[in-house]
Protein chains: 2
Amino acid sequence: MQKAAIERNNETIAAQLTPVGRETVQDRVYSELRRALIGGLFEPSQVLTIRGLADALVTSTMPVREALGRLITEKALEALPNRSVRVPPITLERIDDLLRARSLIEGEAIALAATRMGPRQIATIEAMLGEWDEMRALKHKKDIDREATLNQSFHFEIYRCCGSAVLIPMIESLWLQSGPCIRVAIYAFSEAGEVDTAHYHRRIVAALARQDAQGAREALVADISRPFAFLRDKLQSAAAKG
Amino acid sequence: MQKAAIERNNETIAAQLTPVGRETVQDRVYSELRRALIGGLFEPSQVLTIRGLADALVTSTMPVREALGRLITEKALEALPNRSVRVPPITLERIDDLLRARSLIEGEAIALAATRMGPRQIATIEAMLGEWDEMRALKHKKDIDREATLNQSFHFEIYRCCGSAVLIPMIESLWLQSGPCIRVAIYAFSEAGEVDTAHYHRRIVAALARQDAQGAREALVADISRPFAFLRDKLQSAAAKG
DNA sequence: ATTTTTGATTTGTGATCACACTTGCGTTGA
DNA sequence: TCAACGCAAGTGTGATCACAAATCAAAAAT
């Protein structure tokens, strides 16, 4: 009985191989739609059809309809009484509502993270700061997508440190809901002279580095408030006109 | 052209008829599973199968699998790597995590509601208080289900007044997640000499009646903390033994 | 006696089909 | 000219089937 030897051999193999994983089609569809939603690829009020998405994603309707159902329950999409689904329209109340919820929950998450982040984690997000500057220096025009992705990574790298398995999915849901709104604001931002986002991120990192929970919370709220405030003004002036 | 007359006739009919609604099977399955989860009919760590539930609910697998998918995304259920689904197990960290999130979000919701509830709404929840006392007086033994239902109605009647379409679904998700845990505590409660829940509810109503947002928040946190604290102790002593 | 292997059953996933409802457009009627 | 009707294309929902992976139990091997 070479049980120990076999065991040891298996462990050696396991150490060299990387798990292949078994992602379902539905998972891929869901992830793809999430990415599109957070990235603002869909416009508010846009109607989505199961067969249309299935064609676009080159699958059958089955994975798509389940993914849509999931997105509807987290309020990333909206089920109309006609049984068609659309991305929720932007309203003034919704903007304020989303900002309030995000300030509350993401504020709490970063406050928790402030007391739990070690030098290792601080270094990670500082590196992202550098990456950000670098990207800005090159000043590529179409990097608005990369900017959004980096911004997302920066925030969630912090939130992950809050140590709450309950808060993080809620934050993801909030990003999903505010994605289509935010993107509208971001586009407008880059046209109207742009503010330095990196400045806000630096304030956040500074507060986290000195473990200042309250300071981090305030810096974060300032950061996420900007696009919402911008969007709010835009909507109000549009309402005044029309 | 009797257009006006026809219009009037149609309105008369519409006033007498009640909309029939068009609830799908999937919606019914979803609601039923939600009810079971919040009510704690499923035990933590219990594994659920699609075909098993479909048989129990007397439908095909299709509506069930979509409902399960939705419940998984809101963390009411958990997808194992084996692709089977179970109700999440209770751990100490999870209990603390859930209590913190609920205090934060439901606390905010009740604080908002405190400034928005009119005499009409106050009267409604006061009536529920009376209903509660009445039920207690009869002292039916098996009314633990009704108690839970009434408790739920009481809380959500308040939350509905916070005027946030974003916070309420999150609170529902939190109840869904803590349902299985809470029920364990409630059962233990009713065996170990029970505390007067109505007392806590009265404190909440009193604070709301005088529009005391901070007082209402504190009273609410005290209310929802009890079962969690109880469960926490129970789990710790069990861990000390085992 | 313990472990491994083999085979049968169960389970989740995806595809396809049938049906009912909605929508859009062209025709018919006043 | 315009509203009402009717037909056709499109869409969501539910049922059923095929298949692969997991689970479990009995049999075989060590």
Side-chain angles (χ1 to χ4, degrees), chain A residues 1-11 13 19-33 42 45-73 76-88, chain B residues 1-11 13 19-33 42 45-73 76-88:
Chain A
M1 171 76 62
Q2 315 166 338
K3 186 177 164 187
I6 293 174
E7 186 73 17
R8 193 145 16 88
N9 182 31
N10 284 345
E11 279 177 15
I13 294 176
V20 63
R22 230 161 35 85
E23 205 183 23
T24 64
V25 178
Q26 178 190 158
D27 289 335
R28 276 200 292 278
V29 171
Y30 178 68
S31 301
E32 186 62 16
L33 291 181
F42 297 138
S45 298
Q46 183 178 354
V47 175
L48 304 178
T49 66
I50 293 180
R51 285 174 172 92
L53 290 173
D55 287 349
L57 297 168
V58 196
T59 43
S60 74
T61 63
M62 184 64 58
V64 174
R65 58 198 269 194
E66 305 200 345
L68 285 187
R70 290 168 68 179
L71 290 168
I72 289 170
T73 67
L77 295 176
E78 192 180 40
L80 272 53
N82 327 339
R83 302 221 161 145
S84 57
V85 350
R86 69 171 176 186
V87 11
Chain B
M1 173 73 65
Q2 315 165 341
K3 189 177 163 188
I6 293 173
E7 187 73 15
R8 193 145 17 87
N9 183 32
N10 284 345
E11 280 176 16
I13 294 175
V20 63
R22 231 158 37 87
E23 204 183 25
T24 65
V25 178
Q26 180 190 155
D27 289 335
R28 277 199 292 277
V29 171
Y30 178 69
S31 300
E32 186 62 17
L33 291 180
F42 298 137
S45 298
Q46 182 177 355
V47 174
L48 304 178
T49 67
I50 293 180
R51 286 174 172 90
L53 289 174
D55 288 349
L57 297 169
V58 195
T59 44
S60 75
T61 63
M62 184 63 60
V64 175
R65 60 198 269 193
E66 305 202 344
L68 285 186
R70 292 168 67 179
L71 290 167
I72 288 170
T73 67
L77 295 175
E78 192 180 38
L80 272 54
N82 327 338
R83 303 218 163 147
S84 58
V85 348
R86 69 171 176 186
V87 10

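Fair warning: this is a prediction, and the values are worked out from it, not measured in the lab. In what follows, every chain begins at residue 1, and chains take the letters A, B, ... in the order their sequences are listed.
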[X] has an atom [atom1]; how far is it from atom [atom2] of [N], in whole Å?
| X | N | atom1 | atom2 | value |
| --- | --- | --- | --- | --- |
| A:Met62 | D:dG14 | CE | P | 11 Å |
| B:Tyr30 | D:dG14 | OH | P | 15 Å |
| A:Glu66 | C:dA15 | CD | P | 11 Å |
| A:Asp55 | C:dT16 | CG | P | 12 Å |
| A:Ile50 | C:dT22 | CD1 | P | 16 Å |
| B:Leu80 | C:dT13 | CG | P | 12 Å |
| B:Leu57 | D:dG14 | CG | C1' | 15 Å |
| A:Leu53 | D:dT11 | CG | P | 11 Å |

Any side-chain N or O of A:Asn82 less than 4.0 Å from the OP1 or OP2 oxygen of C:dC21?
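So the side chain of A:Asn82 is outside the cut-off, no N or O lying under 4.0 Å from OP1 or OP2 of C:dC21.
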For A:Asp27 and A:Arg51, find the nucleotide of DNA chain C closest to each by heavy atoms; which residue's nucleotide sits nearer the 5' end?
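Counting from the 5' end, the first nearest nucleotide belongs to A:Asp27.
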Residue mapping more 5' on DNA chain C - nearest nucleotide basis, B:Gly52 or A:Ser60:
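With A:Ser60 and B:Gly52 compared, the 5'-side residue is B:Gly52.
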Could you tell me if the side chain of B:Arg83 sits less than 4.5 Å from the side chain of A:Thr24, heavy atoms only?
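Result yes, sub-4.5 Å side-chain heavy-atom pair found.
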How would you label the contact of [X] with the nucleic acid (heavy atoms, under 4.0 Å): base, sugar-phosphate, or nothing?
| X | result |
| --- | --- |
| B:Arg83 | sugar-phosphate |
| A:Gln26 | sugar-phosphate |
| A:Thr59 | nothing |
| B:Leu48 | sugar-phosphate |

Test: B:Asp27 and B:Arg22 ion pair at under 4.0 Å:
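Salt bridge between B:Asp27 and B:Arg22, a charged N being under 4.0 Å from a carboxylate O: no.
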From the options [options], select the nucleotide whose nearest atom is closest to the side chain of [X].
| X | options | result |
| --- | --- | --- |
| B:Arg65 | D:dT16, C:dG14, D:dT11 | C:dG14 |
| B:Arg22 | C:dT16, C:dC21, D:dG14 | C:dC21 |
| B:Thr24 | D:dG14, D:dG12, D:dA15 | D:dG14 |

Give the minimum heavy-atom separation between [X] and [Y], together with the two atoms involved.
| X | Y | answer |
| --- | --- | --- |
| B:Leu53 | B:Leu68 | CD1-CD2, 3.9 Å |
| A:Val47 | A:Ser84 | CG1-CB, 4.4 Å |
| A:Ala54 | A:Ser60 | CB-O, 3.5 Å |

